[in-house]
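Predicted, not measured: the structure shown is a model, and the values here were computed from it. As a basis for the values below, the full set of heavy atoms in this structure was taken, side chains included, without hydrogen atoms, waters or symmetry mates.
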Amino acid sequence: MCPALSKPRPGPLPRRLLARYLLLLRLHPLLTKAASSAVLSALGSLLSQVIERSRKKPGSSKSLDLSEPLRFAIYGFLFTGPLSHYFYLYLEQLIPSNVPFAMVKRLLLDRLVVAPPFLLLFFFVMNLLEGKDLSAFAEKIKSGYWVALKMNWKVWTPVQFINVNYVPMQFRVLFGNLVALFWFAYLASIKKR
């Protein structure tokens with residue numbers, strides 16, 4: 001193990017965790033973003049289940065389904081983290097901040113070109129991870145895609161405006177993951193309808 005990773009630093013736990021995260025981000029940016037995407041995606045799924053349980057009648061005991069957070073973690077690790085990492089790198093090259101109307105162009109590219117297929121990918125991968133066939137995927141797209149995409153535009157448009165224009169590049173995936181914690185809770189609840 002790298003000596004810098006094994007030395008505990010004094011100070012409060014949140015500060016030590018942040019220092020460790022920043023170090024890992026510098027040493028292994030893609031892996032760190034994939035791992036944080038996995039953890040926060042799984043937490044979003046768990047949050048969805050906790051919210052759903054709290055809405056049920058008292059006395060009805062339904063245990064948590066741990067396979068769902070696992071699916072969300074897989075999706076976050078293999079897709080959200082890596083694709084977001086490379087998207088933000090590409091976005092910086094494609095539309096540098098000194099280009100006229102860069103803020104608007106970045107936002108429009110993200111919202112109109114990237115978001116629709118990314119959401120479609122989410123539904124497709126979740127369908128595969130659940131072991132369902134293509135007819136179930138087609139039905140889910142028919143019943144939930146448009147609703148989820150409209151909600152995506154409502155929720156993520158202001159978030160992504162801030163993210164692609166004001167958040168430093170190395171923190172964009174983390175910023176998105178923190179918002180996605182609640183977004184995945186929403187998607188998990190839509191998925192169950």
note = What one should report as the nearest heavy-atom pair of Pro69 and Gln49 is CD-NE2, 3.5 Å

note = In short, Ala73 meets Ala38 closest at the heavy-atom pair O-CB, 3.3 Å

key: From CG (Asp65) to OG (Ser48), nearest 0.5 Å   = 10.5 Å

inquiry  = Are Leu107 and Val99 connected into the same hydrophobic cluster when the rule is that any two of I, L, V, M, F, W, Y join if their side-chain heavy atoms are below 4.5 Å apart?
reply    = no

ask   = Are Leu94 and Leu109 close enough that some pair of their side-chain heavy atoms sits under 4.5 Å apart?
value = yes

query = Atom CG of Leu89 and atom CZ of Phe87: how far apart are they, to the nearest 0.5 Å?
reply = 10.5 Å

key: Residue pair Pro29 / His85: nearest heavy atoms and the distance that separates them   = CB-CE1, 4.2 Å

query = Is the backbone N or O of Leu129 less than 3.5 Å from a side-chain atom of Arg71, with the two atoms forming a donor-acceptor pair by type?
reply = no

Minimum-distance pair of heavy atoms, taken over all atoms of Gly76 and Ser41 = CA-OG, 3.8 Å

inquiry  = In this structure, is the centre-to-centre distance between the rings of Phe79 and Tyr75 below 6.0 Å?
reply    = yes

inquiry  = Determine whether a donor-acceptor pair (N or O, by modelled atom type, separation under 3.5 Å) exists between the side chain of Asn165 and the backbone of Phe161.
reply    = yes

query = Nearest 0.5 Å, what's the CG-CD1 distance between Leu128 and Ile74?
reply = 11.5 Å

key: Hydrophobic cluster membership, Leu174 vs Leu91, 4.5 Å side-chain cutoff   = no

ask   = Is the Phe122 to Phe72 ring centre distance short of 6.0 Å?
value = yes

message = Membership question, hydrophobic clusters at under 4.5 Å side-chain separation (ILVMFWY): are Tyr21 and Val167 in the same one?
response = yes

inquiry  = Glu130 vs Asn127, test: side-chain hydrogen bond (donor to acceptor under 3.5 Å, both in side chains). Steps then yes/no.
reply    = CA-CA 5 Å; Glu130 291 167 357; Asn127 189 72; over 6 Å; no

message = One pair to check against side chain to side chain contact (heavy atoms under 4.5 Å, CB included): Val159 and Phe175. What are the steps and the verdict?
response = CA-CA 9 Å; Val159 169; Phe175 179 79; 3.7 Å; yes

request  = Check for a donor-acceptor pair, side chain of Ser36 on one end and backbone N or O of Lys33 on the other, with a separation under 3.5 Å.
outcome  = yes

query = Applying the 4.5 Å side-chain criterion to the ILVMFWY set and letting contacts propagate, would Val114 and Leu78 be lumped into a single cluster?
reply = no

ask   = Do Leu46 and Leu66 come within less than 4.5 Å of each other through their side chains, counting heavy atoms only?
value = yes

query = Does Asp133 reach the main-chain N or O of Ala136 with its side chain, forming a donor-acceptor pair under 3.5 Å?
reply = yes

task = Mind running side chain to side chain contact (heavy atoms under 4.5 Å, CB included) on Leu25 and Phe171 for me, showing each step along the way?
result = CA-CA 9 Å; Leu25 192 59; Phe171 299 121; 3.9 Å; yes

Which atom of Pro116 lies closest to which atom of Arg111, heavy atoms considered = CD-O, 3.4 Å

task = Decide, yes or no, whether a salt bridge links Arg172 with Glu92 under the criterion of side-chain N to carboxylate O below 4.0 Å.
result = yes

key: Option among Tyr145, Phe124, Trp153 that satisfies the side-chain contact (heavy atoms from CB on, under 4.5 Å) test with Leu119   = Tyr145

inquiry  = How long is the straight-line distance from NZ of Lys132 back to CD of Glu139, given to the nearest 0.5 Å?
reply    = 11.0 Å

inquiry  = Would Tyr88 and Met169 count as a side chain to side chain contact (heavy atoms under 4.5 Å, CB included) here? Give the steps.
reply    = CA-CA 7 Å; Tyr88 293 129; Met169 170 86 90; 3.9 Å; yes

inquiry  = If hydrophobic clusters are built by linking Ile, Leu, Val, Met, Phe, Trp and Tyr wherever their side-chain heavy atoms come under 4.5 Å apart, do Leu181 and Ile162 end up in the same one?
reply    = yes

key: Atom pair NE2 (His28) and CG (Leu23), whose distance is rounded to the nearest 0.5 Å   = 8.0 Å

request  = For the pair Thr32 (side chain) and Leu24 (backbone), establish whether a donor and an acceptor sit closer than 3.5 Å, ignoring hydrogens and angles.
outcome  = yes

query = Where do Trp156 and Val179 land on the side chain to side chain contact (heavy atoms under 4.5 Å, CB included) test, with the steps shown first?
reply = CA-CA 9 Å; Trp156 283 98; Val179 176; 3.8 Å; yes

message = I'd like to know whether OH of Tyr90 has more than 12 heavy-atom contacts from other residues, nucleotides or ligands below 6.0 angstrom.
response = no

note = Closest non-hydrogen contact found for Asn152 with Ala115 is OD1-CB, 3.9 Å

query = From Asn177 CG over to Ser84 OG, what is the distance, rounded to the nearest 0.5 angstrom?
reply = 7.0 Å

